[in-house]
Amino acid sequence: MVIASIDIQNGKVVQLKQGEELILQRDNADELAREFDRYGEVAVIDLDAAMGKNSNLEMIKPLLRIAECRVGGGIRTPAQAMELISFGAKKIIVGSSVFRADGRFAVNVPFLSEMSKKIGRQRLIVAVDALCGEIVVDGWKTPTGLNLIQAAKLVEPYAGELLFTCVEREGTMTGIDLNSIKMLREAVSCQVTVAGGISTLDEIEEIAALGCDAQLGMALYKEKINLADAFVSSLNWKKGEQQLPIIVQSPDGQIMMTGFTDREALNETFKCGNVCFHSRTRNKLWMKGETSGNVLKLIRLRADCDRDALLAEAEPAGQVCHTGAWSCFASERLYTWEYLQGIISERFQNPVPGSYTATLDDKLVREKIMEEAQEVCEANTREEVIWEAADLLYFSTVLMTRAGVTVREVLNELDRRHKK
C-alpha cells in the first residue's frame, strides 16, 4: 500500500526538509485528501501539535470523513486518541510520548498498554523516527539514546503497525536506507510503513517486496513520483501471470462483480476514472460499460493484506451484469437507506407526473415528520411499528435530501457518538 502524507502547519499543508526547512505549502487540504484517498490511506500529521503548539484539529476533522486517515502529531493521551477516532480517524500515530517514562528516555509501557487497550492494537501506530539508527523525538530535534531495533521490539506487542522515518533522508529525495528497512522488517512481525528519502518507483517496489508499505511526501508534492504509478508498483505481481483479481463493490458495500486487472488496466482506470479490467477471454483491455454506458465510476481502490487482490469501490451507472441484472450476484439491488435517498434525489431532480415525493416542499415534509413521529409513538404491534417507522424514515430522508444532508453524514455522526 502507498500512503500519501498531508502535513499541517499553521493551517497550511506543508512539506519540510528534515522537519525544519519549509519547501512548499498549499491551501487545498480537502482536495488533496479526496485525491489521495483513491489510492490508499492518508497520513494526516499535525506538526504544530507535535511541537506542543496550537493544534490544527478544526482543520483536520473534515478530512477524517473525506478520506480514510491515520492521524498523528501531539497525541499524548488515550482520550485524545479516542476523540480523533470518534471524528473518523481509522488509525492513530503516537511518537514522542512512547519514548518518555519516569523522567527519562525509555519505552513507556504503561502508556502504550493503556493506549492499546483503549483504541485497540490494530488502530495504534507507533512512529519509530530514527536518525542514524537512534530514536529521536520532539519533531526529530531530541535524541533519546534508544536504538531503533531494540525500541521497535519493545513497542511491537502494543501496536499493529510501526511507522519508520529515516530522519537523515526525510524530505531530501536522496533514496531509502534499504539496509535499515531490512533490519527492522526482520526484527518485528507487525506491519511496517517506511518514510524518508523515497524518490523512485523502484524503491517502492523494493519496499513492497519486503512486505512493507511506503509513505510518500516530498517526492509526491514535487511530482517526482506519480501516486497512481506508485500504487501499481506497490502490488504483488509475482502471482497469476501479472494479473490480479479485482472485486467491485457499490458505495453501500454490495458486491457487484469480480474480474481481473493488470498494469495496463489499472493505469487506464486511474486515467479515465472508470474501472477497467483485463479480459482473459479476449486477452485485452476491457472497459466496463464501453458499449452499454453502464460504467463503474471509481471512488477508491484498496489492496488486500498480501497485495495480490484488489477491492474497488465504484458507483454504477446502470445494470452491472451482462444478463441485465443489477449485479453478477443479485438480480435486484438490495434496498438500503442510501438507495432510498438516491431515489428521492432523482425525484427532485427529474420529477415525473404523479410523483408524490416531488410535491413535498419544506413546510409539508416537516408537518409529515411530526405526524409520523406521533404515529410511531402510538404504534402498539410489531407490524404497526414497522409500518410507521418506514413512513418516518422516508419523510426524514426527504427532509435530509432537501437540506443537502447525505445518509453517510448521518451515519458518520452516529459512528462518532458510538466511538466517543
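No experiment lies behind these values; they were computed from the predicted model shown.
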Below 4.5 Å, heavy atoms only, C-beta onward: do [X] and [Y] meet side chain to side chain?
{"X": "Phe87", "Y": "Ile60", "result": "no"}
{"X": "Lys90", "Y": "Arg70", "result": "no"}
{"X": "Asn283", "Y": "His278", "result": "yes"}
{"X": "Trp237", "Y": "Gln243", "result": "no"}
{"X": "Arg366", "Y": "Leu399", "result": "yes"}
{"X": "Cys69", "Y": "Glu41", "result": "no"}
{"X": "Ile23", "Y": "Leu16", "result": "no"}
{"X": "Val126", "Y": "Leu162", "result": "yes"}

Under the side-chain contact (heavy atoms from CB on, under 4.5 Å) test, residues paired with [X] that sit two or more places apart:
{"X": "Cys321", "value": "Thr323, Ala325, Cys328"}
{"X": "Leu311", "value": "Ile247, Gln249"}
{"X": "Glu58", "value": "Lys61"}

Give a yes or no on whether a salt bridge exists between [X] and [Y], defined as a side-chain N under 4.0 angstrom from a carboxylate O.
{"X": "Arg263", "Y": "Asp229", "value": "no"}
{"X": "Arg416", "Y": "Glu413", "value": "yes"}
{"X": "Arg65", "Y": "Asp415", "value": "yes"}

Roughly how far, to the nearest 0.5 Å, is the [atom2] atom of [Y] from the [atom1] atom of [X]?
{"X": "Cys272", "Y": "Met287", "atom1": "SG", "atom2": "CE", "answer": "3.0 Å"}
{"X": "Asn412", "Y": "Ser86", "atom1": "CG", "atom2": "OG", "answer": "11.5 Å"}
{"X": "Ile8", "Y": "Arg26", "atom1": "CD1", "atom2": "CZ", "answer": "13.5 Å"}
{"X": "Gln191", "Y": "Leu163", "atom1": "CD", "atom2": "CG", "answer": "11.0 Å"}
{"X": "Arg38", "Y": "Leu301", "atom1": "CZ", "atom2": "CG", "answer": "8.0 Å"}
{"X": "Phe164", "Y": "Asp177", "atom1": "CZ", "atom2": "CG", "answer": "6.0 Å"}

Q: Step by step, work out the side-chain contact (heavy atoms from CB on, under 4.5 Å) result for Val248 and Phe277.
A: CA-CA 11 Å; Val248 185; Phe277 301 85; 3.8 Å; yes
Pairs of donor and acceptor atoms involving the side chains of residues 193-212, under 3.5 Å and at least two apart or interchain, shall be tabulated with distances.
| residue | atom | partner | partner atom | Å |
| --- | --- | --- | --- | --- |
| Thr193 | OG1 | Glu161 | OE2 | 2.5 |
| Ser199 | OG | Glu203 | OE1 | 3.4 |
| Thr200 | OG1 | Glu203 | N | 3.1 |
| Glu203 | OE1 | Ser199 | N | 2.7 |
| Glu203 | OE1 | Thr200 | N | 3.2 |
| Glu203 | OE2 | Ile176 | N | 3.4 |

When you measure from the side chain of [X] to the backbone of [Y], do you find a donor-acceptor pair of N or O atoms at a distance under 3.5 Å?
{"X": "Arg76", "Y": "Gly74", "value": "yes"}
{"X": "Gln15", "Y": "Met218", "value": "yes"}
{"X": "Glu134", "Y": "Gly145", "value": "yes"}
{"X": "Asn147", "Y": "Gln150", "value": "yes"}

All side chain to side chain donor-acceptor pair (under 3.5 Å) counterparts of [X], not counting sequence neighbours:
{"X": "Glu332", "value": "none"}
{"X": "Thr172", "value": "Thr174"}
{"X": "Ser327", "value": "none"}
{"X": "Glu83", "value": "none"}

Taking every non-hydrogen atom, the tightest pair across [X] and [Y]:
{"X": "Asn56", "Y": "Gly11", "result": "OD1-N, 3.1 Å"}
{"X": "Leu216", "Y": "Ile225", "result": "CD1-CG2, 4.2 Å"}
{"X": "Tyr158", "Y": "Val109", "result": "OH-CG1, 3.1 Å"}
{"X": "Thr401", "Y": "Ser345", "result": "CG2-OG, 3.5 Å"}
{"X": "Leu64", "Y": "Ala89", "result": "CD1-N, 3.9 Å"}
{"X": "Val398", "Y": "Phe348", "result": "CG1-CZ, 3.7 Å"}

Q: Please step through side-chain contact (heavy atoms from CB on, under 4.5 Å) for the pair Leu296 and Met257, ending with a clear verdict.
A: CA-CA 10 Å; Leu296 296 166; Met257 67 172 292; 3.8 Å; yes
(Q) With a 6.0 Å cut-off (strictly less than), is the heavy-atom count around CG of Asn226, excluding the residue itself, greater than 12? (A)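 It does: Asn226 CG has more than 12 such atoms within range.
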Q: Show the numbers, then the answer: is there a side-chain contact (heavy atoms from CB on, under 4.5 Å) between Val136 and Thr144?
A: CA-CA 6 Å; Val136 289; Thr144 65; 5.8 Å; no
**Q.** Residues Glu186, Lys182; criterion salt bridge (Lys or Arg N to Asp or Glu O under 4.0 Å); working and verdict
**A.** CA-CA 6 Å; Glu186 292 170 359; Lys182 288 180 177 178; over 6 Å; no
Q. Under the side-chain hydrogen bond (donor to acceptor under 3.5 Å, both in side chains) rule, what pairs show up with a residue in residues 290-304, not counting sequence neighbours?
A.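 As it turns out, the side-chain hydrogen bond (donor to acceptor under 3.5 Å, both in side chains) pairs with a partner in residues 290-304, which skip direct neighbours, are Asp37-Arg300, Asp37-Arg302, Glu68-Arg302, Arg300-Glu313.
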Q | Sequence neighbours excluded, every pair satisfying side-chain hydrogen bond (donor to acceptor under 3.5 Å, both in side chains) that has a member inside residues 110-123 | A |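 Output for this query is empty, none listed.
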Exercise answer: donor-acceptor pairs, residues 91-103 side-chain atoms, under 3.5 Å, sequence neighbours excluded:
| residue | atom | partner | partner atom | Å |
| --- | --- | --- | --- | --- |
| Ser96 | OG | Asp138 | N | 2.9 |
| Arg100 | NH1 | Asp138 | OD1 | 3.1 |
| Arg100 | NH2 | Asp138 | OD1 | 3.4 |
| Arg100 | NH2 | Asp138 | OD2 | 2.7 |

In residues 389-397, what donor-acceptor pairs under 3.5 Å come from side-chain atoms, sequence neighbours left out?
| residue | atom | partner | partner atom | Å |
| --- | --- | --- | --- | --- |
| Tyr394 | OH | Thr357 | OG1 | 2.7 |
| Ser396 | OG | Leu392 | O | 2.8 |
| Thr397 | OG1 | Trp337 | NE1 | 2.8 |
| Thr397 | OG1 | Leu393 | O | 2.6 |

Q: Answer yes if the side chains of Glu170 and Thr165 hold a donor-acceptor pair under 3.5 Å, and no otherwise.
A: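 There is no such pair between these side chains.
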Q: Indicate whether the side chain of Gln9 and that of Asp7 have a donor and an acceptor atom separated by less than 3.5 Å.
A: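 No.
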Q: Give me the ring orientation class for Phe270 and Tyr39: parallel if the planes are under 30° apart, tilted from 30 to 60°, perpendicular past 60°.
A: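 Aromatic pair Phe270/Tyr39 classed tilted.
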**Q.** Pair Asp213-Arg307, salt bridge (Lys or Arg N to Asp or Glu O under 4.0 Å): steps then yes or no
**A.** CA-CA 10 Å; Asp213 294 329; Arg307 301 180 185 83; 2.5 Å; yes
